[in-house]
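Naming convention: chains lettered A, B, ... in sequence-line order (proteins, then strands); numbering from 1 in each chain.
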Number of protein chains: 2
Amino acid sequence: MKSLADTSTGPANSWELCSNSAIRRASRRLGQLYADVLAPSGLRATQFGLLTQIRTLGEPTLRTLADALVMDLSALGHTLKPLIRDGLVTLAPDPQDRRARRAHLTRKGLAAYARGVELWKEAQSRFDAQFGKKESAALRRALDLIASDEFAAGFTVQKIAAPKK
Amino acid sequence: MKSLADTSTGPANSWELCSNSAIRRASRRLGQLYADVLAPSGLRATQFGLLTQIRTLGEPTLRTLADALVMDLSALGHTLKPLIRDGLVTLAPDPQDRRARRAHLTRKGLAAYARGVELWKEAQSRFDAQFGKKESAALRRALDLIASDEFAAGFTVQKIAAPKK
DNA sequence: TTGATTTAGTGGTATATGCCACTATATGGA
DNA sequence: TCCATATAGTGGCATATACCACTAAATCAA
C-alpha cells in the first residue's frame, strides 16, 4: 500500500485532485466497511451514528441534533423515520417550546445502541490498526475542522469578498 | 479556528471518535459548499464528479466506472439516470462484450462539464486556501488510501484472522 | 460442444439526504 | 396588545446509494 507520506508519484487519478469527490469516495468505502461490521446489530452505520448523537446530547430537539450532525433538518426527519417506525426512537414535544420535538432512545433503542457500540469498537480498532492510530486521530481532527461552521464561513466569505478575483 | 496540529484539547465531541461518522459529517458539509459553487453549471457536485470520471476514463463500461468510483454498480446505474434523461450522457453497447455498456459524454454533457470545471476550480482553490494547500493534498492522499481496495482488504482480513481478539 | 459458473446490467425497494412550500409557534417591536 | 418576522417541524419531490433478484452474455471445464 502506498504510504501516506509518499509524494513521489504524481496524481495517480483525479481523486487526488478534487477534495469533494475524494471525500465522497472514501465515505462510500468506509461506509461499507463499517456497515459490514455493524450488520449483526441490525443498525446501519448512519443509524448507529444517529443513536450515538442522541445519546450524547441527551434528549436533543431535532434542530439541535441536525446542527450537531451538520445535516439538513428535514433530512434528519426523514432519516429518523425508520428508527421511529422500528421503535428505537420516539419524539416527544418540548413543553417549553411547543414547536420543538425532542428525540428519545427507547429501551429497544438503547439495547440496539449497546450492541452497536461493541461492534463499533471492533470496526474502529480495525480502522486504527489499518490506518495508524496517530494518523487516524489526525484525520478525525481534520474532518471535524472541515465540518465546522467556521470552516464553512471562511470558505463562503471568499465568494463574497472575491467573487472571481 | 482550531489548528489541525492542536492536540491539547480532548475529544470535544463524538465526531473525533468515530471515523465513519466523522467522514460522513464532513462529506455533508463539503458537499454543500461545493454544491453552492457548482450550482450555476446546473450540475450537482456528485454529477460533476461523475462526468469528470467518464471524461478521465474515456468511454468506460459501467463496471469500470463503478470500480473507479468505489460505487455499487446498480447505484451507479441509478445515479446516471438523471444525466441520461437530461441528455448529458448516453450509454452505448460494447461490440466486444455485448453484456457491457459504455458511457459517453454528449456535446451537451461536455459543455456542462466545461462550465463545471471553471466553477470547480474556484471551489477547489477556496478549499485549498481555507484548509491549506499542503494539508489539502495530504488529505486527498489519505482519502485515496482509505478508498483503495488494499485498505478494504486489510480492514476485512482482520475480521477473519482475529474475529474478536 | 455443452452445461456450470461468473460477470455486466436492470429494476425494485429501502435508506440517506437536500430543497421547497407550508403550518404552528415563538419573539420582537410599535 | 398585535402584527411582522423568525424558528421548528412536516410532507412532497428529487437525487444518491445500497442490496437483492433476475436476465443476458461470456467463460470455464469436462
Side-chain angles (χ1 to χ4, degrees), chain A residues 20-21 23-36 38-39 42-51 53 60-67 69-86 88-89 91-103, chain B residues 20-21 23-36 38-39 42-51 53 60-67 69-86 88-89 91-103:
Chain A
N20 185 53
S21 296
I23 202 172
R24 291 193 79 86
R25 186 162 167 265
S27 221
R28 283 190 291 266
R29 173 74 81 183
L30 205 54
Q32 288 296 302
L33 298 178
Y34 273 70
D36 289 347
L38 282 169
L43 293 171
R44 308 299 191 84
T46 45
Q47 297 179 330
F48 174 70
L50 212 39
L51 296 189
Q53 269 312 288
T61 64
L62 296 192
R63 178 71 270 167
T64 300
L65 196 49
D67 287 344
L69 290 159
V70 185
M71 188 180 292
D72 179 82
L73 174 60
S74 82
L76 172 64
H78 294 314
T79 304
L80 278 175
K81 287 262 162 70
L83 294 170
I84 294 171
R85 180 199 58 202
D86 297 341
L88 305 185
V89 172
L91 297 185
D94 181 328
Q96 257 60 59
D97 183 341
R98 287 187 306 171
R99 291 170 303 181
R101 285 164 159 268
R102 292 182 174 276
Chain B
N20 185 53
S21 296
I23 202 172
R24 291 194 78 87
R25 186 162 166 265
S27 221
R28 283 190 291 266
R29 173 75 80 183
L30 205 53
Q32 288 295 302
L33 298 178
Y34 273 70
D36 289 347
L38 282 169
L43 292 171
R44 308 299 191 81
T46 46
Q47 297 179 329
F48 174 70
L50 212 38
L51 297 188
Q53 269 312 289
T61 64
L62 296 192
R63 178 71 269 167
T64 300
L65 196 49
D67 287 344
L69 289 159
V70 186
M71 189 179 294
D72 179 81
L73 175 59
S74 83
L76 173 63
H78 292 313
T79 303
L80 239 21
K81 287 260 161 74
L83 293 170
I84 294 171
R85 181 199 58 201
D86 297 342
L88 306 185
V89 172
L91 297 185
D94 181 329
Q96 257 61 57
D97 184 339
R98 287 187 305 170
R99 290 170 303 180
R101 285 162 157 267
R102 291 183 175 277

Chemist: Examine dA8(C): is either OP1 or OP2 under 4.0 Å from a nitrogen or oxygen in the side chain of Arg98(B)? Give yes or no.
Modeler: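 Checking dA8(C) against Arg98(B), no side-chain N or O comes under 4.0 Å of OP1 or OP2.
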Chemist: Is Thr46(A) near enough to dA16(C) that one of its side-chain N or O atoms lies under 4.0 angstrom from OP1 or OP2?
Modeler: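 Answer yes for this pair, as a side-chain N or O of Thr46(A) is under 4.0 Å from OP1 or OP2.
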Chemist: Go through the structure and list residues passing salt bridge (Lys or Arg N to Asp or Glu O under 4.0 Å) with Arg44(B), not counting sequence neighbours.
Modeler: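 Once residues adjacent in sequence are excluded, Arg44(B) has no partner under the salt bridge (Lys or Arg N to Asp or Glu O under 4.0 Å) criterion.
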Chemist: Just how far, in rounded Å, is P of dT27(C) from CG of Asp97(A)?
Modeler: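 Spelled out: CG on Asp97(A) to P on dT27(C) is 6 Å.
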Chemist: When all nucleic acid strands are considered with a 4.0 Å heavy-atom cut-off, which category describes Arg85(A): base, sugar-phosphate, or nothing?
Modeler: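 If one applies the 4.0 Å heavy-atom cut-off, Arg85(A) turns out to touch the sugar-phosphate alone, with no base involved.
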Chemist: Nearest whole Å is fine: how far is dT17(C) C1' from Leu65(A) CG?
Modeler: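 Interatomic distance, CG of Leu65(A) to C1' of dT17(C): 14 Å.
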Chemist: Atom CG of Leu80(A) and atom CD of Gln47(A): how far apart are they, to the nearest 0.5 Å?
Modeler: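 Going from the CG atom of Leu80(A) to the CD atom of Gln47(A) covers 9.5 Å.
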Chemist: Using every non-hydrogen atom in the two residues, find where Leu65(A) and Pro60(A) come nearest and quote the distance to one decimal.
Modeler: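 Heavy atoms of Leu65(A) and Pro60(A) come nearest at CD1-CG, 4.1 Å.
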Chemist: Which nucleotides of nucleotides 18-23 of chain C have their base under 4.0 Å from a protein heavy atom (B), which only their sugar-phosphate (S), and which neither (-), written as one string 5' to 3'?
Modeler: BBB---
Chemist: Find the distance between CG (Leu91(B)) and CD1 (Ile84(B)) and round it off to the nearest 0.5 Å.
Modeler: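 Between atom CG of Leu91(B) and atom CD1 of Ile84(B) there are 4.0 Å.
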Chemist: What does the inter-axis angle of the helix from dT1(C)-dA30(D) to dA30(C)-dT1(D) come out as, five pairs per end, nearest 10 degrees?
Modeler: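 Overall, the helix from dT1(C)-dA30(D) to dA30(C)-dT1(D) bends by 20° from one end axis to the other.
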Chemist: Find the distance Lys81(B):NZ to dG9(C):P and express it as a whole number of Å.
Modeler: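 Atom NZ in Lys81(B) sits about 13 Å away from atom P in dG9(C).
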Chemist: Of the options dA26(C), dG9(C), dT17(C), whose atoms approach the side-chain atoms of Arg101(B) most closely?
Modeler: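 That would be dG9(C).
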Chemist: Closest-nucleotide mapping onto DNA chain C: is Thr64(B) or Gln96(A) further toward the 5' terminus? I mean the 5' end.
Modeler: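 Upstream on the strand: Thr64(B).
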Chemist: When you look at Arg99(B) and Thr61(B), which way does the side chain to side chain contact (heavy atoms under 4.5 Å, CB included) test go after all the steps?
Modeler: CA-CA 10 Å; Arg99(B) 290 170 303 180; Thr61(B) 64; over 6 Å; no
Chemist: About how many Å separate CZ of Arg28(B) and CD1 of Ile23(B), when rounded to the nearest 0.5 Å?
Modeler: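 Answer rounded to 0.5 Å: 11.5 Å.
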Chemist: Would you kindly give the CZ-to-C1' distance between Arg63(A) and dA26(C), to the nearest whole Å?
Modeler: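 Nearest whole value for this atom pair: 16 Å.
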Chemist: Look up atom CG in Asn20(B) and atom CZ in Arg25(B), then write down how far apart they are to the nearest 0.5 Å.
Modeler: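 Reported value, rounded in 0.5 Å steps: 13.0 Å.
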Chemist: Leu50(A) has an atom CG; how far is it from atom P of dT15(C), in whole Å?
Modeler: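 Checked: the CG to P distance equals 13 Å.
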Chemist: What is the distance from CG of Leu69(B) to P of dG9(C), rounded to the nearest Å?
Modeler: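 So the two atoms are 13 Å apart, to the nearest Å.
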Chemist: When rounded to the nearest 0.5 angstrom, what is the spacing between CG in Leu50(B) and CG in Leu83(B)?
Modeler: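 Atom-to-atom, Leu50(B):CG and Leu83(B):CG are 6.0 Å apart.
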Chemist: Extract, from 5' to 3' on DNA chain D, the first and final nucleotides lying under 4.0 angstrom from some heavy atom of chain B.
Modeler: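 For DNA chain D, the relevant span reads dT15(D) to dA26(D).
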Chemist: For Leu62(B) and dG11(C), give me the distance from atom CG to atom P, rounded to whole Å.
Modeler: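 Distance check: Leu62(B) CG to dG11(C) P gives 12 Å.
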Chemist: Tell me every residue that passes side-chain hydrogen bond (donor to acceptor under 3.5 Å, both in side chains) with Ser74(A), counting only those two or more places apart in sequence or in another chain.
Modeler: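 Checked Ser74(A) against side-chain hydrogen bond (donor to acceptor under 3.5 Å, both in side chains); matches are Asp72(A).
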Chemist: Strictly below 4.0 Å: does Arg44(B) bring a side-chain N or O up to OP1 or OP2 of dT17(C)?
Modeler: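 It does not, given that no N or O in the side chain of Arg44(B) lies less than 4.0 Å from OP1 or OP2 of dT17(C).
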Chemist: Considering residues at least two apart in sequence or located in another chain, which fulfil the salt bridge (Lys or Arg N to Asp or Glu O under 4.0 Å) criterion with Arg102(A)?
Modeler: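 For Arg102(A) the salt bridge (Lys or Arg N to Asp or Glu O under 4.0 Å) partners, ignoring immediate neighbours, are Asp94(A).
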Chemist: Within the side chain of Arg24(A), is there an N or O that forms a donor-acceptor pair under 3.5 Å with the backbone of Gly31(B)?
Modeler: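 Flag not set: sc Arg24(A) to bb Gly31(B) has no pair under 3.5 Å.
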Chemist: Rounded to the nearest 0.5 Å, what's the gap from NE2 on His78(A) to CG on Leu73(A)? Could you check?
Modeler: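 Going from NE2 on His78(A) over to CG on Leu73(A), the span is 9.5 Å.
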